[in-house]
Amino acid sequence: MIHPPTWHADARQPGNHAMSVRTRFAPSPTGFLHIGGARTALFNYLFARHHGGTYLLRIEDTDRQRSTPEAVQQILDSLAWLGLSPDEPPVFQASRETRHAEVARALLARGSAYLAYDTPEELAAQREAAEAAKRPFKYDGSRWQGLDPKDAPSVAPAIRIKAPREGETVVEDLVQGTVRVANGELDDMIILRSDGTPTYLHAVVVDDHDMAITHVIRGDDHLTNTFRQCMVYDAMGWSRPRFAHIPLIHGADGAKLSKRHGAVGALEFREQGFLPEAVCNYLMRLGWGHGDEEVIPRERAIALFDLDGVGRAASRMDYAKLLHLNGVYLRGSDDDRLTRDVLERLGRHVVSFGTLGADRVRALMPVLKERAKTLEELAASAAFAVIEGPPPLEAKAAALLTPEAKARLADLAQFLTDAPWERADLESWLRDYAEVKGLKLGQVAQPLRVALTGSTQSPPIDAVLWALGRTEAMDRILAAAEG
RNA sequence: GUCCCCAUCGUCUAGAGGCCUAGGACACCAGCCUUUCACGUUGGUAACACGGGUUCGAAUCCCGUUGGGGACGCCA
């Protein structure tokens with residue numbers, strides 16, 4: 001019967017450092033790290049930090065067919081980008097197979113497990129028969145138990161753990177609450193395959209135990225597996241960790257999150273111009289809340305986060321809200337950092353530029369970042385500043401360059417020749433010009449904007465004028481006036 | 001099919017029996033600001049899945065229904 005081990009309570013006593021919190025994120029390197037996994041990592045990180053504990057990473061690479069070194073690197077890169085790198089070097093599960101086998105044999109020696117000589121084909125047939133008869137398949141290994149090795153078939157055996165038949169298993173889940181299942185539902189699962197490799201359900205338990213994990217925080221999809229894992233803990237006489245099963249993230253339509261919903265890989269968000277702090281903030285708020293707080297930077301998140309605030313229902317990915325949050329973080333970001341990123345993106349988009357262009361982008365950054373939601377948008381909006389010479393004209397912008405507008409620009413160029421080149425001065429010169437000519441400021445600003453940026457949308461025109469510098473600005477105005 | 005979990009505006013959530021005429025955020029609509037686009041700001045539309053209990057009183061507790069999700073591998 002299952003009661004939380006007493007040290008769990010002790011661990012929460014202030015002043016008890018003997019059993020500090022240890023969490024782990026345990027992805028399998030069979031693909032890229034998706035957004036759901038990223039959130040699981042985040043919760044593990046936040047929980048450990050909040051309690052002054054340790055946050056670890058274990059790569060579950062026991063499936064040798066599907067695990068790849070590229071995927072491992074991808075996961076590491078993703079976590080690094082999100083600021084969720086582990087406190088210690090990652091543990092590779094495959095490297096611990098000797099230990100897994102050792103525990104399996106210990107279970108055998110204790111009489112808690114037995115050798116099962118079924119072939120995969122036999123099992124598949126049994127499963128099919130059960131399905132055909134519309135009854136749930138439950139493995140029956142009674143014929144192998146207590147078998148004299150001499151009578152064993154000449155088949156490499158797997159090791160199966162004996163499931164309890166009576167009573168029920170109870171898990172006090174930190175998120176889901178008390179969850180119980182009748183032991184009659186469990187069956188004798190394989191812990192060591194016939195080829196000597198461990199199964200996931202077994203390896204996880206051995207590793208979590210050996211790594212002294214105190215809190216297993218993972219996706220909801222592992223909830224029912226937890227009862228199977230309990231069999232190993234209990235049979236070995238190990239105290240179980242605390243479990244916390246967090247709900248999954250779904251796509252906007254409520255179905256399992258997949259590529260057709262948009263970006264799902266953590267690194268895809270980076271490519272699309274999202275900031276890691278915005279992604280983390282968004283992910284944290286998905287399934288967790290603290291009153292009305294929405295913008296919660298890392299430090300604040302660590303201070304606030306705890307598992308009791310995690311909801312039990314699955315939530316849907318809302319890209320619009322992420323986008324909004326990204327805008328918030330973008331506006332609050334350091335100008336030098338943004339400039340660096342934008343220049344890099346522009347370079348990738350095959351725009352060549354010199355230091356003059358780079359300086360202009362930096363000068364414009366405070367007003368540029370006000371009007372972008374992603375780094376990609378930011379880069380696009382900075383493109384006019386980085387190039388030399390007249391910018392390419394957008395269709396809508398070109399339409400604005402009427403003969404009158406061109407004449408106006410020529411006149412304006414003349415007028416600006418003697419202007420002092422400071423932003424505030426430029427603004428008042430433009431206002432004066434409009435007033436003298438009996439025009440609304442917009443009538444002057446729009447043609448000018450088109451000439452300088454090639455677009456009908458840009459930061460305030462005085463800022464653009466100033467950042468471009470007198471020479472470059474004059475070039476562009478004249479080019480537009482003559483073109 | 002069996003077992004497990006879940007259920008407040010379109011979405012993320014606040015809500016731990018009276019503070020709820022159900023609050024906030026995103027999105028959407030309208031207005032203001034304005035030099036374009038954003039930002040900002042003001043207001044608006046919009047939810048307790050359904051049915052039974054328990055209680056003086058239920059979004060909050062219990063049961064059922066419906067609807068979602070997950071797990072049932074010599075995958076992880």
Side-chain angles (χ1 to χ4, degrees), chain A residues 26-30 60-63 65-67 93 116 118-120 123-124 127 130-131 134-138 156-160 173 175-177 179-182 184-187 189-195 197-201 203-204 219-228 245 247-248 250 252 254-256 282 285-295 311-325 327-328 331 367-373 377 381 397 400 427 430-431 434 440-446 448-450 453 455-462:
Chain A
S28 61
T30 52
E60 313 238 302
D61 53 353
T62 47
D63 185 340
Q65 271 76 49
R66 297 197 300 147
S67 298
Q93 191 159 60
D118 315 88
T119 64
L123 290 170
R127 213 166 265 123
E131 188 142 339
K134 287 196 168 225
R135 64 186 156 73
F137 173 72
K138 261 193 60 208
I159 299 181
R160 284 189 185 257
D173 193 278
V175 169
Q176 305 292 340
V179 185
R180 52 186 71 217
V181 82
E185 297 295 328
L186 274 20
D187 61 7
M189 69 167 178
I190 292 177
I191 55 178
L192 204 71
R193 300 185 188 104
S194 51
D195 67 359
T197 60
T199 58
Y200 163 77
L201 257 14
V204 166
D220 223 350
D221 48 340
H222 290 285
L223 183 56
T224 46
N225 281 331
T226 304
F227 297 98
R228 290 177 230 289
H245 289 92
L248 269 17
H250 292 150
K256 198 169 177 180
Y282 174 74
R285 281 284 293 102
L286 213 50
W288 179 93
H290 183 265
D292 290 342
E293 283 194 59
E294 295 286 349
V295 180
R312 278 160 292 251
S315 43
R316 303 182 182 202
M317 187 70 197
D318 183 352
Y319 292 94
K321 189 157 184 173
L322 203 212
L323 197 60
H324 170 264
L325 210 45
V328 172
R331 272 172 258 139
V367 285
L368 241 23
K369 71 180 179 183
E370 294 286 326
R371 30 193 55 78
K373 289 221 165 53
E377 281 180 29
S381 73
L400 244 66
E427 189 196 353
L430 286 177
R431 285 190 188 282
K440 297 179 86 170
L441 190 49
Q443 292 174 278
V444 178
Q446 275 312 80
L448 188 52
R449 192 183 311 281
V450 170
T453 71
S455 169
T456 53
Q457 304 169 12
S458 85
I461 201 65
D462 50 300

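Just so we're on the same page: letters track the sequence lines, and every chain starts at 1.
Across B/C28 and B/G15, the matching C1' atoms stand 25 Å from one another, rounded to whole Å.
The A/R316 side chain lies nearest to B/U11 when the options are B/U11, B/C4, B/A76. For A/R193, counting side-chain heavy atoms from C-beta on, the closest listed nucleotide (B/A7, B/A76, B/C26) is B/A76. Among the nucleotides B/G73, B/C6, B/C39, the one closest to any side-chain atom of A/R331 is B/C39. Of the candidate nucleotides B/C75, B/C72, B/U13, B/U13 has the atom nearest to the side chain of A/S315. Comparing B/A76, B/A71, B/U35 by their closest approach to the side chain of A/L441 singles out B/U35. Here B/U36 is the nucleotide among B/C74, B/U36, B/U11 with the atom lying nearest to any side-chain atom of A/R371.
In this model, no side-chain donor or acceptor of A/R312 finds a partner on the base of B/C6 within 3.5 Å. Looking at A/S458, its side chain has no donor and acceptor atom pair within 3.5 Å of the base of B/C37. Residue side chain A/R431 does not reach the base of B/U35 through any donor-acceptor N/O pair under 3.5 Å, judged by distance alone.
Using Watson-Crick or G-U wobble geometry with both donor-acceptor distances under 3.5 Å, B/C33 finds no partner in any strand shown.
A/E131 has no carboxylate O lying under 4.0 Å from a charged side-chain N of A/R127, or vice versa, which leaves the two without a salt bridge.
Checking the phosphate oxygens (OP1, OP2) of B/A25, no side-chain nitrogen or oxygen of A/R285 falls inside 4.0 Å.
Residues A/T453 and A/R449 have side chains that never bring a donor and an acceptor to within less than 3.5 angstrom of each other.
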